[in-house]
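Some notes on the structure that comes next.
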Amino acid sequence: MKVLVPIKRVVDYNVKVRVKSDNTDVDLNNLKMSINPFCEIAVEEAIRLKEAGIATEIIAVSIGEKACQEQIRTALALGADRGIHIETDGNSQPLAIAKLLAKIVKEEQPQIVLLGKQSIDGDNNQTGQMLAALTNMPQGTFASMVKVDGDSVQVTREVDGGLVTLQLSLPAVITTDLRLNEPRRASVPNIMKAKRKPIAVKTPEELGVNVSGSLEVLKVDKPATRDAGVMVNSVDELIEKLRTQAKVI
Amino acid sequence: MTILVIAEHNNTSLKSDTHKVVAAAMDIAQYSNANIEVLIAGARCAAAAQQATKLAGISKVLIADHVCYEHQLAENVGLLVADLGKGYSHILTAASTTGKNFLPRVAALLDVAQISDIISVESSDTFQRPFYAGNAIATVKSNDAIKVITVRTSAFDAVDENNDVAMENIDNVQDAGLSSYVSSELTISERPELGSARVIVSGGRGMQNGENFKMLEELADKLGGGVGASRAAVDAGFVPNDMQVGQTGKIVAPELYIAVGISGAIQHLAGMKDSKVIVAINKDPDAPIFQIADFGLEADLFEAIPELISKLS
Ligand SMILES: Cc1cc2nc3c(=O)[nH]c(=O)nc-3n(C[C@H](O)[C@H](O)[C@H](O)COP(=O)(O)OP(=O)(O)OC[C@H]3O[C@@H](n4cnc5c(N)ncnc54)[C@H](O)[C@@H]3O)c2cc1C
Ligand SMILES: Nc1ncnc2c1ncn2[C@@H]1O[C@H](COP(=O)(O)O)[C@@H](O)[C@H]1O
């Protein structure tokens with residue numbers, strides 16, 4: 001079976017972004033960019049499905065500026081077989097991303113689409129669920145375990161109260177949570193090999209999708225800063241402060 | 001204009017998230033003069049619906065009672081809410097793992113955007129939401145006819161239960177037949193849920209193992225609080241996943257948050273930096289957690305926590 005893995009290029013998780021002084025956006029100039037960590041977990045899961053003889057081909061797809069081909073190359077170096085880049089200005093909202101992915105799903109007919117649960121830049125947590133709705137597929141979101149069994153898949157989900165396991169008919173959409181696996185790193189020979197793997201480039205126009213979104217960002221602010229705190233010297237002082245100054249115990 | 005709130009419940013009673021989402025809906029209603037209706041989709045959920053009729057600020061409760069909604073399967077609840085939602089100006093639910101699961105399906109089926117995790121209402125079409133792990137706050141205006149919204153419940157105060165409105169049955173059952181419930185492993189705890197706890201004591205990698213979390217439980221019990229954790233503590237298997245606080249775990253804002261053996265990575269701060277008072281206990285004076293703590297104690301937690309417990313007795 002084919003597995004489709006949508007991956008997003010985002011600011012590296014170690015970077016703390018700053019808001020631009022004109023409050024129009026965050027400043028991404030010269031920041032380190034990476035594959036969204038949840039997408040890395042999705043790529044890893046796809047590779048494990050292939051190693052287990054379940055998946056036959058892994059297709060990594062990324063939507064955004066030309067530079068996201070770097071992240072597609074990383075996925076190819078990790079073990080994806082080919083890439084698809086849908087070139088946009090990089091500002092698309094989740095519904096547009098989901099519509100573009102739905103077109104790719106229609107073309108490629110994957111049995112499983114593995115996405116991250118959340119992009120760590122937009123913090124949307126929407127795309128997989130929207131794609132599932134648009135393609136009338138079931139969804140297993142926030143997955144910590146995936147077990148393919150014939151024409152269905154069992155997905156264990158991390159939920160607010162603990163864990164819930166669902167059975168989904170295939171084809172299905174799965175979104176990854178942190179505990180699904182620990183992604184490997186690409187080896188040097190695989191990075192070399194990845195340079196020869198194909199990346200097809202498409203445009204939203206070719207796919208017939210209007211990518212203009214209905215949400216307008218009016219401004220972007222810095223979060224409220226907290227007043228500087230104090231260091232206390234002992235447990236006694238801490239208790240005293242919490243009792244008499246903060247009055248929370 | 002009417003606002004539809006999808007309740008969060010366990011079929012028998014409402015979760016306090018619902019009260020907070022209604023508060024957000026009331027903020028919207030204030031700008032648009034809208035009524036607020038609450039939908040309970042569940043199985044044998046009459047008790048939860050009965051409780052919902054008491055929610056302040058609402059005008060009606062809708063109940064869709066059918067086995068296909070028992071486990072809040074996104075495929076089924078999504079179809080129901082998308083179908084019902086066509087007649088509303090806003091559809092709101094909590095940014096819980098349930099809300100985040102089904103609501104984007106609703107938005108896609110209605111061909112509108114979803115606004116995730118709002119923390120304030122600026123007008124009937126403009127909202128604030130954090131992104132980049134809370135390092136930036138966007139003011140977002142929706143140009144859609146139906147605004148589909150998840151609410152960060154830690155940013156709103158629960159409404160009271162002092163109302164008495166009518167209940168209406170919804171019998172247009174939508175079973176997509178795509179998914180089924182197999183099993184669950186829910187964490188049972190006597191302590192308050194993180195979303196509503198007044199005090200939270202959280203442990204990180206510095207706790208070293210799950211056994212040591214007993215100390216934090218004891219401290220939490222002394223303070224009437226709940227116990228949370230960092231991702232590192234969950235990944236290492238010390239505690240279950242539902243205790244993770246952070247950008248991609250639970251977002252909390254208690255009166256008092258005590259971070260023990262947690263370094264203070266941005267992903268962790270994203271989940272707790274709106275707490276009223278933050279205490280950090282860490283043996284590393286350079287730990288970033290101290291930069292946002294109101295009270296920092298540089299100490300070995302294995303000495304400080306037992307001392308704290310005994311002195312609070
Ligand atoms: C995509 C993504 C999502 C993430 N989401 C989350 C999230 O939701 N929540 C979250 O928490 N993290 C999240 N993280 C992980 C985050 O980046 C950090 O790795 C994590 O928060 C670190 O946990 P920690 O502070 O417990 O561990 P560490 O960073 O290892 O810190 C341990 C601390 O304990 C202290 N310590 C050790 N021993 C003692 C002692 N005896 N006494 C006192 N202090 C001691 C040390 O000085 C140190 O500061 C995410 C990461 C990624 C990439
Ligand atoms: N521009 C994009 N290109 C490819 N995949 C994406 C893109 N945006 C989002 N996704 C996928 O959708 C997941 C969830 O993103 P989001 O809904 O933005 O939080 C990501 O982890 C990716 O798997």
Side-chain angles (χ1 to χ4, degrees), chain A residues 11 13 16-17 19 26 93-95 98 117-118 120-126 129-130 132-134 137-139 141-142 144 154 158-169 178-179 213-223 226 229-232 235-236 238-239 241-242 246 248-249, chain B residues 74-75 78 96-97 100-101 104-105 107-109 112-117 126 130-144 178-187 223 231 235 240-242 247-248 255-256 266 273 277 279 292-298 304 307-308 311-312:
Chain A
V11 173
Y13 80 97
K16 183 171 172 191
V17 301
V19 172
V26 293
Q93 291 162 13
L95 183 59
K117 81 164 177 180
Q118 176 173 341
I120 61 161
D121 52 358
D123 284 335
N124 301 305
N125 200 326
Q126 300 177 8
Q129 298 88 315
M130 286 182 159
L134 295 175
M137 283 195 250
Q139 67 187 45
T141 53
F142 326 146
S144 65
Q154 280 208 359
E158 292 198 357
V159 297
D160 290 338
L163 298 170
V164 168
T165 302
L166 302 179
Q167 173 113 358
L168 313 175
S169 59
L178 295 169
R179 259 67 61 180
S214 56
L215 299 181
E216 258 175 83
V217 176
L218 303 183
K219 63 176 169 127
V220 174
D221 290 305
K222 277 197 298 223
R226 296 184 70 93
V230 295
M231 293 301 288
V232 295
V235 168
D236 288 317
L238 177 62
I239 294 175
K241 295 261 190 220
L242 292 177
V248 284
I249 59 169
Chain B
E75 298 77 10
S96 60
T97 50
K100 288 191 277 201
N101 191 34
R105 280 189 91 104
L109 292 172
V112 300
Q114 174 179 300
I115 309 165
S116 295
D117 256 317
T126 305
F131 63 142
Y132 285 96
N135 287 310
I137 311 287
T139 303
V140 181
K141 177 171 185 278
S142 161
N143 294 315
D144 287 316
L178 292 168
S179 57
S180 55
Y181 169 85
V182 177
S183 62
S184 52
E185 264 175 69
L186 300 183
T187 308
L223 300 167
R231 173 193 175 179
D235 281 7
N241 64 278
D242 51 280
Q247 178 189 15
T248 61
E255 298 258 299
L256 174 60
I266 47 178
K273 70 182 163 59
V277 175
V279 170
I292 63 137
D294 299 283
F295 304 109
L297 177 63
E298 180 193 334
E307 187 182 342
L308 199 51
K311 289 187 169 159
L312 285 172

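Remember, predicted model here, so these are calculated numbers, not experimental data. Letters A, B, ... are given to chains in the order of the sequence lines, protein chains preceding strands, and every chain is numbered from 1.
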Please identify, among [options], the residue contributing the most non-hydrogen atom pairs under 4.5 Å to chain A.
{"options": "B:Pro130, B:Ser183, B:Ala74", "value": "B:Ser183"}
{"options": "B:Asp235, B:Val277, B:Thr248, B:Leu308", "value": "B:Thr248"}
{"options": "B:Glu255, B:Lys311, B:Gln247", "value": "B:Gln247"}

With a 4.5 angstrom heavy-atom cut-off, is it the side chain or the backbone of [X] that approaches chain A, or both, or neither?
{"X": "B:Ala136", "answer": "both"}
{"X": "B:Val279", "answer": "side chain"}
{"X": "B:Leu223", "answer": "side chain"}

What part of [X] gets within 4.5 angstrom of chain B, counting heavy atoms only: side chain, backbone, both, or neither?
{"X": "A:Ile120", "answer": "both"}
{"X": "A:Leu95", "answer": "side chain"}
{"X": "A:Val232", "answer": "both"}
{"X": "A:Ala98", "answer": "neither"}
{"X": "A:Val17", "answer": "both"}
{"X": "A:Pro94", "answer": "neither"}
{"X": "A:Ile239", "answer": "side chain"}

Audit row: A:Leu218, B:Thr126, side-chain contact (heavy atoms from CB on, under 4.5 Å) steps and yes/no: CA-CA 9 Å; A:Leu218 303 183; B:Thr126 305; 3.8 Å; yes

Minimum heavy-atom separation for [X] and [Y], please, with both atom names.
{"X": "B:Leu297", "Y": "A:Met231", "value": "N-CE, 4.3 Å"}
{"X": "B:Asn135", "Y": "A:Val19", "value": "O-CG2, 3.9 Å"}
{"X": "A:Phe142", "Y": "B:Asn101", "value": "CZ-N, 4.4 Å"}
{"X": "B:Thr97", "Y": "A:Glu158", "value": "CG2-O, 3.9 Å"}
{"X": "B:Ile266", "Y": "A:Lys16", "value": "CG2-CD, 4.0 Å"}
{"X": "B:Glu75", "Y": "A:Gln139", "value": "OE2-N, 2.7 Å"}

From A:Val220, A:Val217, A:Asp221, residue fulfilling side-chain contact (heavy atoms from CB on, under 4.5 Å) relative to B:Thr139: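 The single option meeting the side-chain contact (heavy atoms from CB on, under 4.5 Å) with B:Thr139 is A:Asp221.
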
Contacts of type side-chain hydrogen bond (donor to acceptor under 3.5 Å, both in side chains), residue B:Thr187, not counting sequence neighbours: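 Applying side-chain hydrogen bond (donor to acceptor under 3.5 Å, both in side chains) to B:Thr187 gives B:Asp242.
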
Close side-chain approach of A:Met130 to B:Gln114, heavy-atom, < 4.5 Å: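 Yes, close enough: below the 4.5 Å cut-off.
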
